[in-house]
Amino acid sequence: MVRGVYIHIPFCHQICNYCDFNKFFFHNQPVDEYIEALGQEMALWADDLKNASIETIFIGGGTPTSLSVQQLDRLFTLIETHIPMEKLVEFTSEANPDELTLEKMQLMRKFGVNRLSMGVQTFDQDLLKVLGRTHSNDHVYKVIEYAKQTDFPSISIDLMYGLPNQTMDQWKASLEEAFRLNIPHISAYSLLVEPKTIFYNLLSKGKLTLPGEDLEADMYSYLMDEMKLHGYDQYEISNFAHKGKESKHNCFIGIMMNILGLEREHMGM
Ligand code: SF4
């Protein structure tokens with residue numbers, strides 16, 4: 001029985017140096033057409049979805065928040081039209097901190113989005129630049145303030161470790177900041193340098209220095225210890241949450257809607 005739906009928005013306003021996801025630079029892409037095609041894809045699933053108890057929807061990317069307010073409105077309207085939402089308990093949208101406005105967050109809440117998953121990666125401004133990210137810590141603080149104003153029930157942030165030249169002290173400082181902000185759900189990933197990324201090219205030319213396996217392992221150990229100390233349960237290898245704030249989406253068998261990369265295909269998600 002399908003219980004979760006994943007919808008992919010494969011557009012980004014900037015391409016990060018480490019990224020090997022299915023994404024396209026936003027400029028000159030047929031974004032409106034893609035959203036309409038997603039609507040057609042949802043309509044194709046109508047019969048399958050009619051009797052399904054959809055409990056989770058996850059909009060990922062790319063970056064869903066690369067869409068304008070009007071485009072997000074259209075996307076949410078299509079979702080509301082085609083996906084039964086009576087049993088929905090978790091509706092997540094991924095987000096980049098510098099693309100979230102109060103208006104976008106109000107729109108999300110209006111359509112029932114109750115969980116934000118934000119790509120923070122690090123609170124170290126220099127490392128953010130190394131990663132090719134465009135946001136700053138102030139953007140993150142602003143989103144947290146907007147989340148209070150719009151009564152967002154849950155926020156998750158992604159953090160990364162094992163970054164180029166990252167020291168243990170830098171990793172500790174990023175974690176401390178996340179704890180200070182009392183973020184209820186934290187996903188922490190070690191950097192994997194994948195082919196066809198800027199980091200991969202730099203590494204091949206000997207121009208990228210990574211911390212090494214031992215330090216990376218120490219960072220992961222420290223992460224697990226500190227999470228426990230700060231009251232987070234580790235419910236997956238990379239996921240930590242306050243009680244009741246675990247993501248339900250990953251536990252469900254779902255469908256993936258991504259017209260560029262995948263055909264109609266049942267996915268174990
Ligand atoms: S914002 Fe996310 S999907 Fe887009 S390029 Fe950066 S890491 Fe990749």
Side-chain angles (χ1 to χ4, degrees), residues 6-31 34-35 38 57-69 71-72 75 92-101 104-105 108 113 115-140 142-144 146 155-166 171 174 178 183 185-203 208 210 238-239 247 249-250 256-262 267 269:
Y6 173 79
I7 298 171
H8 195 75
I9 302 297
F11 307 112
C12 296
H13 285 294
Q14 92 286 347
I15 302 299
C16 303
N17 295 339
Y18 56 91
C19 181
D20 74 328
F21 302 142
N22 177 4
K23 58 19 175 124
F24 300 87
F25 186 54
F26 192 97
H27 188 61
N28 280 341
Q29 289 295 323
V31 180
Y34 180 82
I35 294 169
L38 276 177
I57 299 174
F58 192 106
I59 309 179
T63 329
T65 48
S66 64
L67 303 182
S68 66
V69 171
Q71 288 165 335
L72 278 173
L75 174 67
T92 304
S93 176
E94 288 187 337
N96 269 350
D98 50 342
E99 292 169 350
L100 274 169
T101 60
K104 285 186 187 177
M105 290 175 70
M108 288 179 181
V113 178
R115 189 168 176 274
L116 267 187
S117 175
M118 230 186 335
V120 171
Q121 318 312 0
T122 172
F123 286 99
D124 185 297
Q125 300 301 290
D126 292 334
L127 283 175
L128 278 175
K129 286 193 192 103
V130 171
L131 292 174
R133 307 286 303 192
T134 52
H135 71 268
S136 68
N137 289 354
D138 284 344
H139 290 114
V140 179
K142 184 195 67 186
V143 170
I144 289 171
Y146 289 164
I155 291 189
S156 174
I157 62 168
D158 288 353
L159 292 177
M160 295 175 76
Y161 58 96
L163 304 179
N165 293 315
Q166 187 182 28
W171 178 227
S174 267
I183 306 286
H185 185 287
I186 299 173
S187 301
Y189 304 101
S190 65
L191 173 70
L192 291 177
V193 178
E194 303 282 4
K196 297 184 186 161
T197 62
I198 291 175
F199 275 0
Y200 187 85
N201 290 338
L202 289 173
L203 194 63
L208 194 74
L210 298 173
S238 306
N239 286 317
S247 167
H249 181 78
N250 287 348
M256 178 174 276
M257 292 178 181
N258 171 13
I259 59 156
L260 291 182
L262 293 153
M267 301 286 294
M269 293 164 53

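All ligand and atom numbering here is 1-based and tracks the order in the structure.
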Q: Mark the output for Gln14 as yes if a heavy-atom distance to ligand 1 is under 4.0 Å, and as no if none is.
A: yes
Q) Relative to the ring of Trp171, is the ring of Tyr161 parallel (under 30°), tilted (30 to 60°) or perpendicular (over 60°)? A) tilted
Q: State whether Cys12 contributes an N/O/S atom found under 2.8 Å from atom 8 (Fe) of ligand 1.
A: no
(Q) When you compare the side chains of Ser174 and Thr122, does any donor N or O come within less than 3.5 Å of an acceptor on the partner? (A) yes
Q.
List ligand 1 atoms under 4.0 Å from Phe21, heavy atoms only on the residue side.
A. 3 (S), 8 (Fe)
Q) Nearest protein heavy-atom contact for atom 6 (Fe) of ligand 1: which residue, which atom, what distance? A) Cys16 SG, 2.4 Å
**Q.** Nearest-0.5 Å distance, CD1 of residue Ile15 to CD1 of residue Ile198
**A.** 9.0 Å
Q) Mind checking whether Gly62 has a heavy atom under 4.0 Å from ligand 1? A) yes
Q: Report the distance from atom CG of Asp98 to atom OG1 of Thr65, rounding to the nearest 0.5 Å.
A: 8.0 Å
(Q) Within the supplied structure, the quantity of interest is the number of heavy atoms (other residues, nucleotides, ligands) at a distance under 6.0 Å from Tyr200 OH; does it exceed 12? (A) no
Q: Find out whether Leu210 and Leu191 are in side-chain contact, i.e. whether some heavy atom of one side chain is under 4.5 Å from a heavy atom of the other.
A: yes
Q. Which option out of Pro10, Cys19, Gly60 puts a heavy atom nearest to atom 8 (Fe) of ligand 1?
A. Cys19
Q | Residue Arg133 vicinity, atoms of ligand 1 by number, heavy atom under 4.0 Å | A | 1 (S), 6 (Fe), 7 (S)
Q) Quick one: which ligand 1 atoms are inside 4.0 Å of a heavy atom on Asn96? A) 1 (S)
(Q) Parallel, tilted or perpendicular, judged at 30° and 60°: which one describes the rings of Phe11 and Tyr34? (A) perpendicular
Q: Just jot down the ligand 1 atoms closer than 4.0 angstrom to any heavy atom of Tyr18, in number order.
A: 7 (S)
Q.
So if I count the atoms of ligand 1 from 1 in the order they appear, which ones are less than 4.0 Å from some heavy atom of Thr63?
A. 1 (S), 4 (Fe)
